[in-house]
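Working notes for the structure below.
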Amino acid sequence: MNTRLAHLECTKCKTTYARDSRWNLCPAAGCAGSLFARYHLTALDRDAVAGRPRSIWRWSELMPIEDPANVVSLGEGGTPLLRAERLGARAGFTDLWFKDESGNPTGSFKARGLSAAVSKAKELGVKAIALPTAGNAGGAAAAYAAKAGIACHVFMPRDTPRVFPIECERYGASVTLVDGLIDDCGRIVAARAKEAGWHDVSTLKEPYRVEGKKTMGYELAEDLGWELPDVIVYPTGGGTGLIGMWKAFDEMEALGWIGRARPRMIAVQAEGCAPIPKAFAEGKAVSERVANAHTYASGLRVPKAYADYLILRDVRASGGTAIAVSDDEMRAASDAIGATEGLFVAPEGGACWAAAKKLADAGWFERNARIVLFNTGTGFKYV
Ligand SMILES: *Cc1c(COP(=O)(O)O)cnc(C)c1O
Ligand SMILES: [Zn+2]
C-alpha cells in the first residue's frame with residue numbers, strides 16, 4: 001500500500017523500533033512507555049486524499065497498514081460534523097458543533113481504533129487478540145476480529161451493563177467477567193496473553209488503536225475548511241481520541257495541511273471517576289488511581305488511564321483544562337441534546353455539553369467561540 005509508516009517511537013524515552021514486528025509497550029529497561037507510529041511526512045496533497053471515499057482508510061498514507069488486503073473494515077469513520085444551533089441557543093453559544101460518532105459500526109468510535117489495530121494484527125499474523133474493556137471497546141474488538149477471522153478474548157468488569165457482554169458474544173468472542181475495574185481486567189489480560197500467546201490490544205499498550213482514532217482530527221480539519229476549532233470538548237476514559245487528535249494535528253502541520261493554531265483541549269470525566277481533573281488541578285504529570293470508580297457513563301469508568309501522562313501533557317500544551325461533571329448533569333444534558341438536536345447520545349456525549357456550559361459560566365471561554373463537542377457513542381446501549 002502507500003503507507004508512509006517509518007518506524008515506531010517511544011513516547012517516553014524516544015527509542016525507535018522497526019515497523020514490521022509486533023510491539024506492545026516500549027521494551028527499554030524500566031520504560032514501558034506507549035509507542036507511537038511515525039511516518040515520512042512530506043509531499044502529500046490534502047485535497048487528493050480528501051477526495052477519496054469517507055472512511056478512516058482514505059488517509060491510507062498516514063495509516064500503518066502495508067498491504068490493503070489486510071484492511072479490516074466495517075465502514076468506520078467519516079462521521080458527520082453537525083451544527084448544534086438550537087442546543088447552543090439555550091446557553092447563548094453561537095458556534096457550537098457535534099462530531100457525532102454514534103453511527104460508527106458497533107455504535108461507538110471504538111470502531112475506528114479497533115479497525116486499525118485488528119488490521120495491523122492481521123498483517124502481523126496474529127491469531128488471537130485480547131483486551132480489557134469498560135464496554136464499547138470489547139464490542140468493537142469482537143466485531144473486527146470476527147470479520148478478520150481472528151479469535152477475541154474480552155475481559156470486562158462484572159457489573160458492566162449486560163448489553164456489552166451480550167454484544168461481544170454475538171460476535172463470537174469469549175467474554176470473561178471480572179470482579180474489579182478495567183485496570184484489574186488489564187492486569188489479567190497482560191498475564192494471560194503472555195501464557196496463551198494472545199496479542200494484547202489494550203489501548204495505548206498497543207500502538208495502532210490511537211492511529212485509528214487520530215482520524216477524527218483529520219476529519220475535523222477537513223470539515224472546517226482546514227481550520228481547527230477554538231475548543232474541543234472530549235469525554236476522556238483512556239484518552240485515546242484526545243491523544244490521537246493531538247498527534248493528528250502535529251502530523252497535519254508537518255504536512256503543511258494546517259498552521260500552528262491549535263484548539264484548547266478539554267478532558268471531561270465523571271465526578272465518580274475523575275483522576276485527570278484531579279491531577280490537572282494539582283499540577284501533576286501522572287494521575288492517581290481512583291478507588292470505587294463509579295459512573296453510568298461506562299466509557300469514562302477508567303480509574304487510571306495507562307497513558308495519563310500523555311493526556312495531561314497534551315491538555316496542558318493546548319492551554320486546555322480538565323473538568324468533572326455528575327451523572328445527573330450528564331442525564332439532563334443528554335435529554336437537552338435529544339430534544340434540540342435529534343441526537344440520542346451516549347452519556348459521554350451528554351457529559352461534554354454539561355462541561356461546556358459549566359466552563360462558559362465560569363468565563364473560561366467566550367460563548368461565540370467555535371466549540372466542538374464529541375458524542376462518542378449511541379444512547380441505545382444505555383436504555
Ligand atoms: C471508550 C469511550 C470513551 C473514552 O474514550 P477514550 O478515547 O479512551 O478516552 C468515551 N465515550 C465512549 C462512548 C466510549 O466508549
Ligand atoms: Zn521507552
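Note that ligands are numbered from 1 as they come in the structure, with each ligand's atoms numbered from 1 the same way.
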Close approach, E101 and ligand 1, non-hydrogen under 4.0 angstrom: no
Distance-only polar pair, side chains of Y208 and E123, donor-acceptor under 3.5 Å: no
Face-on cation placement of R264 at W364 ring, 6.0 Å and 45° thresholds: yes
The Zn ion (ligand 2): angle it makes with SG (C10) and SG (C13), nearest 10 degrees: 110°
Contact atoms of ligand 1, heavy-atom distance to P235 under 4.0 Å: 4 (C), 9 (O), 10 (C)
Minimum-distance protein heavy atom relative to atom 11 (N) of ligand 1: T376 OG1, 2.7 Å
Identity and separation of the nearest protein heavy atom to atom 2 (C) of ligand 1: K110 NZ, 2.3 Å
Ligand-residue contact atoms, ligand 1 with G237, heavy atoms, under 4.0 Å: 4 (C), 6 (P), 9 (O)
Presence of salt bridge, K278 and E288, under 4.0 angstrom: yes
Nearest-neighbour protein heavy atom for atom 5 (O) of ligand 1, which is reported as residue plus atom name and distance: F109 CZ, 3.3 Å
From CA spacing to verdict: ring pair (Phe, Tyr, Trp, His ring centres under 6.0 Å), F93, W353: CA-CA 11 Å; F93 290 71; W353 174 233; 5.3 Å; yes
Side-chain ion pair, E251 and K214, N-O less than 4.0 Å: yes
Residue T240 vicinity, atoms of ligand 1 by number, heavy atom under 4.0 Å: 6 (P), 7 (O), 8 (O), 9 (O)
Less than 3.5 Å apart, which donor and acceptor atoms pair up between the side chains of residues 138-152 and the rest of the protein, not counting sequence neighbours?
unit_1 : atom_1 : unit_2 : atom_2 : d
Y144   : OH     : E76    : OE1    : 2.6

Quiz item: cation-pi between K99 and F374, 6.0 Å / 45°: no
Rounded distance (nearest 0.5 Å) linking atom CD of E9 with atom SG of C26: 10.5 Å
Y382 N/O under 3.5 Å from ligand 1 N/O: no
Aromatic F36 / basic K247 pairing, under 6.0 angstrom, 45° off normal: yes
Residue G241 vicinity, atoms of ligand 1 by number, heavy atom under 4.0 Å: 7 (O)
Those atoms of ligand 1 less than 4.0 Å from some heavy atom in Y234: 5 (O), 6 (P), 7 (O), 9 (O)
Cation over ring face, R187 and F155, 6.0 Å, 45°: no
Heavy-atom gap F374 to ligand 1 smaller than 4.0 Å: no
Protein contact of atom 8 (O) of ligand 1 - nearest heavy atom, named by residue and atom, plus distance: G238 N, 3.1 Å
Min heavy-atom dist T236 to ligand 1 below 4.0 Å: yes
Ligand 1 contact by G239, heavy-atom criterion under 4.0 angstrom: yes
